[in-house]
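Everything on this sheet refers to the single structure shown next.
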Amino acid sequence: MKADLVTIGDEILIGQIIDTNSAWMARKLNDEGIAVRQITSISDEHDHMLETLTDASDKVDLVLITGGLGPTKDDRTKEAICQFFDTQLVSDENVLKHIEALLAPRGVKMNGLNRDQALVPESAVVLHNRMGTAPGLWMEKDDCVFVFMPGVPFEMKTLVSEQILPRIRTRFKTTPIIHRTVLSQGLPESMLAERIADWENSLPSFIKLAYLPNPMHIRLRLSASGEDRDMMNKVLDEKVEELLEIIPEQIFGFEDETLTGNIGKLLKQRNQTVGTAESCTGGNIAHFFTSDAGSSDYFRGSVVAYSNEVKEKVLGVPENVLIEHGAVSAEVVEAMAVGARKVLGVDYVVATSGVAGPTGGTPEKPVGLVWIAVAGPDGVISKKYNFGNDRGRNIVRSSQSALNLLRNTLLK
């Protein structure tokens, strides 16, 4: 079974807003075993809408459309619907009463535009939108189902979850798809693939593996397709356990977990605390920590020691070490970590110093060179990395690598 997703609105095409609706709907459809053929954003121009609906009806079983159902004159979707389905608009009393009930507590008096929202295509199955004034519309033509929804994300999500997905399950027979997502950090994609090649080759035919890299980490998504959910769940769990034995130092979590969240759990179990001493990452690691709710239980603070003066006067890095080895060195980053433990009064500190770029590199210390250190109760360790010449990517990769080094230190 295939589906198309269509978003309507010039505000998307001019970059004023980002289409998050399609990404959310695609995930939901994938979970139902429905393959998305195409995601399209179109203008609210009448002929463009007709062309898109006509194209989709010949190629897919289901089309989900969001946008253009509002009360103002620039919302023209219903006009195109009537022409495409050869129907007319009629007033729906249930929709009208719902609109009145929504507006009354706000002291808003009904006007013509509000009443127009109760106009629906005569041949449509009207889907109650309890979160807003524009109803959803379920329509069929030539064995293809078209579902029209408002573009407001929380209204669309409520309609999809409460009404549209149950109807889809009744209307179509689909094959379930179950996913497991393993989060890894510390190996480039090519090296990771080489390390787990035998394991990947052992996957049964109903499980597919996808590598989803980004500057922060690599997601390994296992997707199982078939009728026996219990069997698929059992095999997926077994394969994830096998993977944990092969690359334990690289796997830091699953699904939507974060490195900092994983580290936070370890620290809370031990009643320990952490801080950061950051040069090239400029406080980004601290930002990752404080983005997690409850991180005040274990994260104490950060020293952003961007200049040598701050490294020396605040963190206590000896001047002669800075002069002899330079700021980007094992000796300096280790001294930063040790000094920050004392300043912040924490159990662990992760420290970074590097050449983020795009300028400032030398043949001996090129752009992308980063030293990372972790200081803890058992001493200090450091590690050298080379990330490339893109500044933004270097900062993200340095931050994630620092967190992974900290996580592995905690696990030893």
Side-chain angles (χ1 to χ4, degrees), residues 1-13 17-69 75-88 120-127 134-151 153 156-157 159-161 163-179 205-206 208 210 212 221 223-227:
M1 181 179 173
K2 294 181 180 180
D4 273 7
L5 304 179
V6 181
T7 55
I8 300 174
D10 292 342
E11 65 274 14
I12 296 174
L13 298 178
I17 66 169
I18 297 173
D19 171 25
T20 58
N21 283 351
S22 294
W24 187 87
M25 289 189 292
R27 288 195 296 270
K28 290 296 181 180
L29 291 179
N30 185 264
D31 290 342
E32 298 294 326
I34 301 172
V36 174
R37 179 189 75 103
Q38 182 171 288
I39 296 176
T40 308
S41 293
I42 64 172
S43 71
D44 51 17
E45 197 271 325
H46 185 87
D47 289 344
H48 195 177
M49 285 189 265
L50 289 177
E51 179 185 337
T52 302
L53 296 178
T54 301
D55 175 69
S57 66
D58 294 333
K59 298 179 175 66
V60 297
D61 310 285
L62 173 69
V63 188
L64 300 185
I65 307 104
T66 58
L69 295 177
D75 292 309
R76 307 184 181 96
T77 299
K78 285 193 284 191
E79 298 173 11
I81 293 174
C82 285
Q83 182 173 339
F84 182 72
F85 289 93
D86 191 22
T87 187
Q88 61 184 348
V120 300
E122 190 173 26
S123 58
V125 175
V126 179
L127 306 176
L137 305 168
W138 178 289
M139 307 186 74
E140 300 191 25
K141 182 176 181 178
D142 299 329
D143 296 322
C144 182
V145 172
F146 296 81
V147 185
F148 299 88
M149 296 167 281
M156 175 275 296
K157 291 178 181 179
L159 277 166
V160 169
S161 300
Q163 298 202 55
I164 295 167
L165 287 179
R167 284 180 176 274
I168 288 173
R169 293 175 190 131
T170 301
R171 174 67 170 75
F172 299 100
K173 177 176 173 57
T174 61
T175 302
I177 298 176
I178 302 174
H179 300 290
S205 59
F206 62 85
K208 305 300 180 185
L212 307 171
R221 188 187 66 216
S223 301
S225 177
E227 299 296 336

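Positions are given from 1, in the same order as the sequence printed here.
Leu137 is listed as a side-chain neighbour of Val120, based on a closest heavy-atom distance under 4.5 Å. At least one side-chain heavy atom of Ile81 sits under 4.5 Å from a side-chain heavy atom of Pro121. Between Met49 and Arg76 there is a side-chain heavy-atom pair separated by less than 4.5 Å. Taking 4.5 Å as the limit, some side-chain heavy atom of Val145 sits within range of a side-chain heavy atom of Phe172. By the 4.5 Å heavy-atom criterion applied to side chains, Ile34 and Asp61 are not counted as neighbours. Considering only heavy atoms from C-beta on, Glu227 comes within 4.5 Å of Thr175 through its side chain. Put simply, the side chain of Leu53 reaches to within 4.5 Å of the side chain of Phe148, judged on heavy atoms. The side-chain heavy atoms of His179 and Asn30, taken from C-beta on, include a pair separated by under 4.5 Å.
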Original post:
Do Met25 and Met149 pass the side chain to side chain contact (heavy atoms under 4.5 Å, CB included) test, and can you show the C-alpha distance, the side-chain angles, and the key distance before you say yes or no?
Top reply: CA-CA 12 Å; Met25 289 189 292; Met149 296 167 281; 3.8 Å; yes
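Here the closest heavy-atom approach between residue Ser43 and residue Asp10 is recorded as CB-OD1, 3.2 Å. When all heavy atoms are compared, the tightest approach of Thr77 to Gly67 is OG1-O, 3.1 Å. Across all their heavy atoms, Ser161 and Pro166 have their closest contact at O-CD, 3.7 Å. Contact record, Leu62 with Leu64: CD1-CD2, 4.0 Å, taken as the closest heavy-atom pair.
Rounded to the nearest 0.5 angstrom, Ser225 OG and Phe206 CZ are separated by 10.0 Å. If you take CD1 on Ile178 and OG on Ser223, they are separated by 10.0 Å, rounding to the nearest 0.5 Å. Within the model, atoms CD1 of Ile17 and CG of Asn21 stand 8.0 Å from one another, a figure rounded to the nearest 0.5 Å. To the nearest 0.5 Å, atoms CG (Leu29) and CG (Leu165) are separated by 7.0 Å.
For residues 134-144, the side chain to side chain donor-acceptor pair (under 3.5 Å) pairs, not counting sequence neighbours, are Trp138-Glu140, Glu140-Arg171. Among residue pairs with one or both ends in residues 22-41, those qualifying as salt bridge (charged side-chain N to carboxylate O under 4.0 Å, His left out) are Asp4-Arg37, Glu32-Arg169, Arg37-Asp55; sequence neighbours excluded.
With sequence neighbours left out, Gln38 forms a side-chain hydrogen bond (donor to acceptor under 3.5 Å, both in side chains) with Thr40. Judged as a side-chain hydrogen bond (donor to acceptor under 3.5 Å, both in side chains), and not counting sequence neighbours, the contacts of Gln88 are Glu122. Legend: residues meeting side chain to side chain contact (heavy atoms under 4.5 Å, CB included) with Ala26, ordered by chain and number and at least two apart, are Leu5, Val36. For Asp19, the side-chain hydrogen bond (donor to acceptor under 3.5 Å, both in side chains) partners are Ser22, not counting sequence neighbours. Here Thr52 pairs with Val6, Ile42, His48 under the side chain to side chain contact (heavy atoms under 4.5 Å, CB included) rule; sequence neighbours left out. Thr7 is linked by a side-chain hydrogen bond (donor to acceptor under 3.5 Å, both in side chains) to Ser41, counting only residues two or more places apart in sequence or in another chain. Pro150 pairs by the side chain to side chain contact (heavy atoms under 4.5 Å, CB included) definition with Leu69, Asn129, Ala134, Glu155, Leu159, not counting sequence neighbours. Under the side chain to side chain contact (heavy atoms under 4.5 Å, CB included) criterion, Leu50 pairs with His46, Asp47, Ala80, Gln83, Phe84, not counting sequence neighbours.
Not a single donor-acceptor pair under 3.5 Å links the side chain of Thr66 to the backbone N or O of Gly151. Using modelled atom types, no side-chain atom of Ser57 and backbone atom of Cys144 make a donor-acceptor pair closer than 3.5 Å.
The environment of CG in Asp86 is sparse: at most 12 heavy-atom neighbours from other residues, nucleotides or ligands sit within 6.0 Å.
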